[in-house]
Amino acid sequence: MILRGSSLFARLVAVLALVLAVGAGLLLVAAWASARLAADEAYDRLLVGAALQIAETIASDGREISVDPPFSAFETLGLSPRDRIFYKVVDPADRLLTGDADLAVPVDRTRLAAGPVLLDAEHRGQAVRAVVAGRYVPDVAQAGFAAVVVAQTREARGGLARALTVKASLMVLAMSALALGAVAVAVRAALRPLRAIEGVLAARGPNDLQPLGLAAPREIHLLVASIDHFMGRLSGHVGVMKRFIADAAHQIRTPLTALAAQLDLLSRETDEGRRRDQLARIRVRTAELGHLTNQLLNHAMVIHRARSVAFDPVDVAGLARRTLIEAVQQQTGDRAVDVGYEGPEEAVTIPGDAIALREAVSNLIHNAYKHGARRRLTVRVGRERGRVLLAVEDDGPGIPTGEWARVREPFRAAAGGAVGSGLGLSIAAEVAAAHGGEMRFETHSERGFSVILCLPDGAEA
C-alpha cells in the first residue's frame with residue numbers, strides 16, 4: 001500500500017505563501033515607519049515656517065524688544081481641528097514677551113545660531129512636537145538671541161501617518177496577492193514534468209520496462225535517470241527469472257518424463273530380475289531428480305541473495321574447511337579419493353554472504369568429486385594481489401579449454417562428461433560475480449585441473 005502524502009504543489013505554495021506573508025509583514029512595518037517619518041517631515045516644515053515667521057517680527061528700539069506674531073504663521077497649522085498649537089517668545093534674558101508662559105520646552109541658545117531646533121516634548125499632559133528658532137537682537141541692554149518656541153500636538157501627524165500606512169498596506173497586500181497567484185501558476189508549470197512522468201508510468205502495461213525516454217529538466221533529471229536505471233535493473237532481473245523458469249521447466253520435464261516411462265515399464269514387467277534392475281534405475285533417476293531440484297532451488301536462492309543480502313565479514317578459510325568436511329561425509333561410492341585442505345589456519349576474512357559462498361564451494365567440491373577427481377581432491381585458500389583465492393583442484397582430465405565459457409551458463413554441462421544438471425559451475429560463477437570477483441579455470445599438467453574463485457579482500461572492497 002502506497003501512503004498518500006500531502007500535495008507537493010500545496011506544500012510549495014504554502015511555503016512560498018509563508019515567505020510572502022513574512023515579507024509583506026516586514027514591508028508593512030517599513031511602510032508604517034516611513035509614513036511616520038514622512039508625516040513628521042511635512043509637519044516639521046510647517047512648524048519651522050511658523051517659528052521663522054514669528055521670529056521675523058521680533059524688533060528692538062534700543063530699550064525694549066517687541067514682537068507681533070502674524071496670524072498667517074498659525075493658519076496652516078490650524079487646519080487640523082483636533083490639534084492644539086502652543087507658542088511663546090522670550091527675550092535674551094528669558095523674559096516672556098508673548099505666548100504661553102507654562103510651555104516648558106527647553107531653550108538651548110548655544111544651538112540657535114545654527115538654525116531652528118526640533119525636539120519632542122510634553123505639555124499639559126500631551127505629547128507635542130516643538131521647534132525653537134532664534135533671532136539675534138544686538139541693540140538692547142542684554143544683547144543675544146530672542147527665542148521663539150512653537151509646539152503642536154501629534155494628532156494630525158498620527159492621522160497622516162495612518163493614512164499613508166493604509167494606502168501602502170493596500171498596495172503591499174494587492175502585490176502580495178498577485179505574487180501568490182503568480183507563484184501558484186509558476187509552481188503548477190514547474191511540476192508539469194512530474195505529471196508527465198506520472199502519465200507515462202500510468203499508461204504503461206505491467207510488462208513494459210523500457211526507459212521513460214523523457215526530456216527532463218535539470219532538477220529532476222536525476223529522478224528520471226534513477227527510474228530508468230531501476231527499470232533496467234528490474235527488466236534484467238525479470239529476464240533472468242523468466243529464463244531460469246523456462247530452463248528449469250525444461251530440465252525438470254525431461255527426467256520426469258523418463259521416470260514416468262520407467263514406472264510404466266515396471267508396472268508391466270513380470271520378470272523379477274528385470275523388475276529389480278528397473279527399480280534400481282528408478283532410484284538412480286529419482287536421486288538425480290532430487291539433486292536437480294535442490295540445485296534449482298539453490299540457484300534461485302543465489303540469484304535472490306545476490307540482489308538483496310548485505311555483506312558481513314566471512315572467514316573464507318574456515319568456511320572452506322567446514323564445507324569440505326560436510327561434502328566428504330555426504331559422498332558415497334567405491335572410489336578412494338584423497339581429500340585435503342591447503343591454506344592458512346588463521347582466519348582469512350572478506351566481506352561477503354556466507355550462505356552463498358558456502359553453496360558455491362559445495363558445488364565446486366561436488367562437481368570435482370563426481371566429474372573430475374580420480375584419486376585426489378584438494379581445496380586451497382590463499383592470497384594474490386589483494387584478492388583471496390579459493391580453489392578446488394582435482395587430478396581428473398578437467399574441462400576442455402573450448403568449453404570454459406559455455407560451462408559458466410546455467411544447464412550447460414561440459415560435453416563428453418557425466419550426466420549432470422549443468423548448474424554447479426553456474427552457481428559458483430554467479431556467487432563470485434555477486435562478490436565483485438570472478439571464476440576462472442587453470443590446467444596444471446603435474447597437479448591436474450583447478451576451478452578458482454577470485455574474491456576481493458576487505459581492503460579492495
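- In the displayed structure, F230 atom CZ is contacted under 6.0 Å by at most 12 heavy atoms of other residues, nucleotides or ligands.
- Listed for the S34 side chain is no donor-acceptor partner under 3.5 Å among the backbone atoms of A30.
- Remark: R109 is not positioned above the aromatic ring of F145, lacking an NZ or CZ atom under 6.0 angstrom from the ring centre and at most 45 degrees off the axis.
- Counting heavy atoms of neighbouring residues, nucleotides and ligands inside a 6.0 Å radius, atom CZ of R124 exceeds 12 of them.
- In this structure the side chain of V348 never reaches within 4.5 angstrom of the side chain of D457, judged on heavy atoms.
- Taking each heavy atom of P116 and V48 in turn, the nearest pair found is CG-CG1, 3.9 Å.
- Not a single donor-acceptor pair under 3.5 Å links the side chain of T323 to the backbone N or O of A320.
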Exercise. When you look at L364 and L425, which way does the side chain to side chain contact (heavy atoms under 4.5 Å, CB included) test go after all the steps?
Worked result: CA-CA 7 Å; L364 293 182; L425 294 178; 3.7 Å; yes
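- Using a distance-only test at 3.5 Å, with no hydrogens or angles considered, a donor-acceptor pair links the side chain of D315 to the main chain of A317.
- Within a 6.0 Å radius of CZ in R204, more than 12 heavy atoms belonging to other residues, nucleotides or ligands are found.
- Scanning all heavy atoms of the two residues, the minimum distance from V128 to E122 falls at CG2-N, 4.0 Å.
- The aromatic rings of F86 and H123 lie perpendicular to each other, with more than 60° between the two planes, well past the 30° mark.
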Exercise. Run the side chain to side chain contact (heavy atoms under 4.5 Å, CB included) check on T443 and W404 step by step: do they pass?
Worked result: CA-CA 11 Å; T443 299; W404 285 3; 3.7 Å; yes
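- No donor-acceptor distance shorter than 3.5 angstrom exists from the side chain of S362 to the backbone of R358, with no hydrogens or angles considered.
- Looking at S235, its side chain never comes within 3.5 Å of a backbone N or O of M231 through a donor-acceptor pair.
- Shortest non-hydrogen contact noted between L453 and A428 is CD2-O, 3.9 Å.
- With H435 contributing its side chain and D353 its backbone, the two residues share a donor-acceptor pair below 3.5 Å.
- Two residues are said to be in side-chain contact when any heavy atoms from C-beta on lie closer than 4.5 Å; Q152 and Y43 meet this criterion.
- Across all non-hydrogen atoms, the minimal contact from P69 to T57 is N-OG1, 4.0 Å.
- In this structure, the side chain of D83 engages the main chain of E155 through a donor-acceptor pair within 3.5 Å.
- Between V381 and Y341 there is a side-chain heavy-atom pair separated by less than 4.5 Å.
- In summary, D40 and R154 engage in a salt bridge, as defined by a charged side-chain N under 4.0 Å from a carboxylate O.
- A heavy-atom distance below 4.5 Å is not found between the side chains of E393 and E442.
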For this session: Test V137 against D91 for side chain to side chain contact (heavy atoms under 4.5 Å, CB included), laying out the working first.
Result: CA-CA 9 Å; V137 183; D91 65 7; over 6 Å; no
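- Taking the side chain as every heavy atom from C-beta outward, V451 and N367 never approach each other to under 4.5 Å.
- Of all non-hydrogen atoms in K88 and L103, the two that sit nearest each other are NZ-O, 2.8 Å.
- Ion pairing between a basic and an acidic side chain is recognised when a charged N comes within 4.0 Å of a carboxylate O; R387 and E384 show no such pairing.
- When every heavy atom of A434 is checked against every heavy atom of F311, the shortest pair comes out as O-CZ, 3.4 Å.
- At most 12 heavy atoms of other shown residues, nucleotides or ligands fall within 6.0 angstrom of atom CD in Q210.
- R129 and D44 are joined by a salt bridge, as a carboxylate oxygen and a charged side-chain nitrogen come within less than 4.0 angstrom of each other.
- Taking a 6.0 Å sphere around CZ of R36, one finds it holds 12 or fewer heavy atoms contributed by other residues, nucleotides or ligands.
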For this session: In sequence, state the C-alpha distance, the side-chain angles, and the governing distance for H371 and I399, and then conclude on side chain to side chain contact (heavy atoms under 4.5 Å, CB included).
Result: CA-CA 10 Å; H371 304 300; I399 301 173; over 6 Å; no
